[in-house]
Amino acid sequence: MSQAITTQTRHFWIKWAVTVAIPVLMYVWTSSIGLPAPAVRFLSLTSCALAIWTLGMLPEPFVAMILPILYIVTGVGKPGQILSAWSGSAGWLVLSGLFIAEVMSSTGIAKRIAVWSIKLTGGSFHLLLWGFMLAGYIMAPFIPTVTGKAAIFAILAVGICKGFDIKPYSREAATLVIGALLAVAIPKMAFLSAGVDVAMAMGLFAQNTGQTVSWSSYFIHNFPPSLIYAVISIYTLLFLMKPKLNFDLKSFVKEQYETLGPVTASEKKSLLLLGLLLLSLITDQIHKIDAGWMMLMIASLAFLPGFSLLNKQSLSRIPYPQVFFVVGCMTIGGAAKASGVDKIIADLLLPLLNGSEAYISFSTFIAGILLNFIFTPIAAFSAMTAPLVEMASQIGVAPLALVYSFSYGLDQYLFPYEFVVTLYFYSTGYIKLSHFMTVFAARMVLTAFFFIAVLYPYWNIVGVYN
């Protein structure tokens, strides 16, 4: 026991040594090559924050909250420049999504939607995966936190494995659990309000360009190709795993649905609230109200008499640190612009991305894949959105196209640690690492062809490159 404690302590201090060494080396190197003082401080502080997040040395929201203050105190930029993210709608969109997620969780409507979707698509193994995906698409616009959705789908997938005695690490278990994972990850690409990282990326884009991407515009740009992306992902999984099941899932799914009982009054109110929210989002080009403001106004109805879906106790269950984490990360973009680092990085990348519009977009997609090995999607968006926008303006390419390309690159994984959702599902103990890597490596290669054959021409058709 004492030896194990000693080993843990040694690893702890080694991690802290690395965390301190990275910003120190960054400071020495950037000073030696003659970068301006604000840029040196920005790169040193940001590299320290990224190291802390990557190694898990301090709570992520705490680092995100203190980082912008350090930028201001050290002279990286003025408060108005650094804290501009707080005046945008991204943080409010995340907060309203947390309210909606609490409504869906506390009333039980989220689980009912998931089980109903599986029941609707039938009892075969193949259709079960589409049931997961259908449920993922239904819930995605309303719940930006992927962990909340992951919990629901993981419970269902593992429950089916246990119910039918599907052994951990088998091909059948991998198919089920990875299928549930895909149902959380892929719909996130289709809606502006479906993921914290997506909302943050669009907030940073607006912050750096002055152009706001509406909910309906994002939907037009990304929903249709995401359906093809889902087809590619599911059939890649089925082709590689070749699951063999000799039983019918209908009885199990029917039993799960019956345990939910009849639809309650609270669930009906929740559906009404979700209907109002969806209507407000798809009509944003008419009423011209930002999705963040609209979502918060609709979510607030849950507290009022008539709905009464949330109360004082509900507020204590809302994970507010996620809001501070997202907006804190967004301040990295403002600080990069204030210190001039966005231009410096753009100038460094420019010679590497000298080519056609298609080549530049695909190279940005590849850059997202590579950065995903080092950073979480939120950290990568925080660090790279401003440089991508600056680079796009220099070479005459639509900056939104590069942000979208980068986003698809960040959605490619090879190891479970690269994304909180992949790690969550992998930690269920039902997926063998070799199965995980085989499926997602093949998916990564196929997504590269999908990018060239579908995404690039489609984005040209709908005007993303204009």
Ring centroids only, cut at 6.0 angstrom: are Phe450 and Tyr229 within range, meaning strictly under it?
yes
If you round to the nearest 0.5 Å, how far is CG of Leu98 from OG of Ser314?
13.0 Å
Please tell me if the side chains of Val231 and Trp130 come closer than 4.5 Å, counting only heavy atoms from C-beta onward.
yes
Atom CZ of Phe365 and atom CG of Leu370: how far apart are they, to the nearest 0.5 Å?
10.0 Å
Just say parallel, tilted or perpendicular for the rings of Phe451 and Trp459, cut-offs at 30° and 60°.
perpendicular
Is the distance from the ring center of Tyr456 to that of Phe362 below 6.0 Å?
no
Short side-chain to backbone donor-acceptor contact, Arg317 and Glu102, under 3.5 Å
no
Listing, residues 135-142 side-chain donor-acceptor contacts under 3.5 Å, not counting sequence neighbours, or none:
unit_1, atom_1, unit_2, atom_2, d
Tyr137, OH, Ser226, O, 3.1
Tyr137, OH, Ser226, OG, 2.8

Lys269: partners by salt bridge (charged side-chain N to carboxylate O under 4.0 Å, His left out), with sequence neighbours left out
none
Say whether, by atom type as modelled, one donor and one acceptor occur between the side chain of Thr236 and the main chain of Ile232 under 3.5 angstrom.
yes
Contact summary for Met294 and Ile289, nearest pair of heavy atoms
CE-CD1, 3.5 Å
To the nearest 0.5 Å, how far apart are CG in Leu273 and CG in Leu301?
6.0 Å
When you measure from the side chain of Ser280 to the backbone of Leu277, do you find a donor-acceptor pair of N or O atoms at a distance under 3.5 Å?
yes
Pairs where residues 184-204 contributes a residue and the test salt bridge (Lys or Arg N to Asp or Glu O under 4.0 Å) is met, not counting sequence neighbours
Lys188-Asp197
Answer yes or no: is there a side-chain heavy-atom contact under 4.5 Å between Phe373 and Phe415?
yes
Short question: side chain of Thr283, backbone of Ile286 - any donor-acceptor pair under 3.5 Å?
no
Closest heavy-atom pair, Leu192 versus Ser214, reported as atoms and distance to 0.1 Å, is CD1-O, 4.0 Å
Heavy-atom closest contact (Ile369 atom, Met444 atom, distance)
CG2-SD, 3.9 Å
Has Lys149 got a side-chain atom pairing as donor or acceptor with Ala183's backbone, closer than 3.5 angstrom?
no
Just say parallel, tilted or perpendicular for the rings of Phe223 and Phe219, cut-offs at 30° and 60°.
parallel
When you measure from the side chain of Asp284 to the backbone of Ser216, do you find a donor-acceptor pair of N or O atoms at a distance under 3.5 Å?
yes
Any non-hydrogen side-chain atom of Leu128 less than 4.5 Å from a side-chain atom of Leu176?
yes
Side chains of Gln81 and Tyr71: any donor to acceptor distance under 3.5 Å?
no
Between Thr422 and Pro416, is there a donor-acceptor pair closer than 3.5 Å when you use the side chain of the first and the backbone of the second?
yes
Let me have the donor-acceptor pairs involving side chains of residues 398-409, under 3.5 Å, with sequence neighbours excluded, atom names and distances please.
unit_1, atom_1, unit_2, atom_2, d
Tyr404, OH, His221, ND1, 2.9
Ser405, OG, Ala401, O, 2.7

Single hit among Ile82, Leu204, Ile72 for side-chain contact (heavy atoms from CB on, under 4.5 Å) with Thr331:
Ile82
Check the pair Phe307, Phe303 against ring-ring contact (aromatic ring centres under 6.0 Å, His included), reporting the backbone distance first and the verdict last.
CA-CA 7 Å; Phe307 282 100; Phe303 289 94; over 10 Å; no
Output yes when a side-chain donor or acceptor of Asn372 lies under 3.5 Å from a complementary backbone atom of Leu410, and no otherwise.
yes
Please check if atom CH2 in Trp215 has more than 12 non-hydrogen atoms from other residues, nucleotides or ligands closer than 6.0 Å.
yes
If you take all heavy atoms of Cys161 and Tyr430, which pair is closest and at what distance?
CB-CE2, 3.5 Å
When rounded to the nearest 0.5 Å, the distance separating CG of Asn460 from CG of Leu455 is 11.5 Å
Flag side-chain contact, heavy atom, 4.5 Å: Leu309 against Ser270:
yes
Kindly list each side-chain donor-acceptor pair under 3.5 angstrom involving residues 378-388, sequence neighbours excluded, with atom names and distances?
unit_1, atom_1, unit_2, atom_2, d
Ser382, OG, Cys329, O, 3.3
Ser382, OG, Ile378, O, 2.7
Thr385, OG1, Phe381, O, 2.6

Which residues pass the salt bridge (charged side-chain N to carboxylate O under 4.0 Å, His left out) test with Arg443, sequence neighbours left out?
Asp411
Quick check on Phe12: does its CZ atom have over 12 non-hydrogen neighbours (other residues, nucleotides or ligands) under 6.0 Å away?
yes
